[in-house]
Amino acid sequence: MPKPSADNSKTAKASRRRLLITIDGPAGVGKSTVAKLLATRLHLFYLDTGATYRALAYEALRRGVDPRRETAVARVAGRMRLQLDWDPARGLRVLLNGRDVTRHIRTEAVTEAAAVIAQHPNVRAVLVRLQRRLASGPGVVAEGRDTGTVVFPHAAYKFFLTARHAVRARRRQMELRGVQGRSPTLTRIAGQLKARDALDRSRVVGPLVKPPKAIVVDTSRLPAERVVDRMLAALNKGSDPSRTMVTSDGV
Ligand code: DC
């Protein structure tokens, strides 16, 4: 058994004091919708870790910093003042250095830059510390790629969402239409998702993997409310690592 790092033992102490729930999975599986609903139902803080990568990507682009330059991006990360203002009625507001950037961080350009900066170990280290600081309140529903493995490895409950590729592409298209008023073709989005999946799964630090003992939910055919109902049922039963809730036809 490896000795826990200082960071990990701090996280362990913090997680004993409050309820931590993690939801990981690739883009377009409905993590944000489900995490917000679950946080609302349980009166917990909603932590969108992807928003920290997006806000940093936005800030790097705004400052003319090339997302591929790890040291320069890490420096920007260390200086940014980020606030995640969660209110179940109003939704999530992302404030960067006091400015509301909620919508600006959802564009295609920022999405692509975020995928690049998320590859840098030094950048991830800064953002993981920031995410732990942002997770305030008596409990947290954290959502992302590595929340159950790296950010909160001691979380009481861990979920891993999946969905069929075509479903994910359609969801992403709807999201982009909502943000930009237009979107690329489904074929283009499907290609972008494949490329992001490859980056997310292959990086050395904080890759997208199912956390050990996480409960898997396939959301391809389930509306978000039903996914949340199932999660709540699992929470009420207690986390049973052997359970897998596969709900699609598995295509
Ligand atoms: O979930 P999202 O699309 O908002 O995430 C934006 C980017 O940040 C995406 O490229 C994956 C990355 N990310 C990450 O590497 N680790 C996380 N915990 C959350 C997001």
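Excluded from the calculations below are hydrogen atoms, water molecules and symmetry mates; all remaining heavy atoms, backbone and side chain alike, are included. Whatever order the structure lists ligands and atoms in, that order sets their numbers, starting from 1.
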**Q.** Heavy-atom nearest neighbour in the protein, as seen from atom 17 (C) of ligand 1, with distance rounded to 0.1 Å
**A.** R145 N, 3.4 Å
Q) In the protein, which heavy atom is nearest to atom 7 (C) of ligand 1, and how far is it? A) A114 CB, 3.9 Å
Q.
Between V123 and L127, is there a side-chain heavy-atom distance shorter than 4.5 Å?
A. yes
Q.
Pairing donors with acceptors under 3.5 angstrom, does anything connect the side chains of S32 and E143?
A. yes
(Q) Below the 3.5 angstrom mark, is there an N/O of K31, backbone or side chain, next to an N/O of ligand 1? (A) no
Q: May I ask you to check if ligand 1 and T49 share an N or O to N or O distance below 3.5 Å?
A: yes
Q: Say whether Y58 and L176 are linked into one hydrophobic cluster, either directly or through other cluster members, by side-chain heavy-atom distances under 4.5 angstrom.
A: no
Q. What residue and atom, counting heavy atoms only, is the protein's closest point to atom 8 (O) of ligand 1, and at what distance?
A. Y53 CB, 3.3 Å
Q.
For atom 10 (O) of ligand 1, what is the closest protein heavy atom, and at what distance to 0.1 Å?
A. A115 CA, 3.3 Å
(Q) Counting non-hydrogen protein atoms only, what is the nearest one to atom 2 (P) of ligand 1? Give residue, atom name and distance. (A) R54 NE, 3.7 Å
Q: Considering only non-hydrogen protein atoms, determine which one is nearest to atom 12 (C) of ligand 1 and report residue, atom name and distance to 0.1 Å.
A: A118 CB, 3.9 Å
**Q.** Pairwise distance CG(L37) to CE(M231) - rounded to 0.5 angstrom
**A.** 10.0 Å
Q.
Quick check for you: to the nearest 0.5 Å, what is the distance between K36 atom NZ and D48 atom CG?
A. 7.0 Å
**Q.** T111 N/O under 3.5 Å from ligand 1 N/O
**A.** no
Q | Sub-3.5 Å N/O-N/O distance, R203 and ligand 1 | A | yes
**Q.** Ion pair check, D197 and R168, cut-off under 4.0 Å
**A.** yes
Q. What residue and atom, counting heavy atoms only, is the protein's closest point to atom 3 (O) of ligand 1, and at what distance?
A. R196 NH2, 2.7 Å
Q: Give a yes/no on ligand 1: does Q131 have at least one heavy atom closer than 4.0 angstrom to it?
A: no
Q: Treating Ile, Leu, Val, Met, Phe, Trp and Tyr as nodes and any side-chain heavy-atom pair under 4.5 angstrom as an edge, say whether V126 and L84 lie in one connected cluster.
A: no
Q: Give the numbers and elements of all ligand 1 atoms closer than 4.0 Å to a heavy atom of D146.
A: 16 (N), 17 (C), 18 (N)
Q) Do D200 and ligand 1 have an N or O pair less than 3.5 Å apart? A) no
(Q) Restricting to ring pair (Phe, Tyr, Trp, His ring centres under 6.0 Å), what partner residues turn up for Y53, sequence neighbours left out? (A) none
Q: Specify the protein heavy atom at minimum distance from atom 16 (N) of ligand 1: its residue, its atom name, and the distance to 0.1 Å.
A: R124 NH2, 3.0 Å
Q. Do the side-chain N and O atoms of T219 and R171 include a donor-acceptor pair separated by under 3.5 angstrom?
A. yes
Q. Are E108 and R188 close enough for a salt bridge, meaning some N to O gap below 4.0 Å?
A. yes
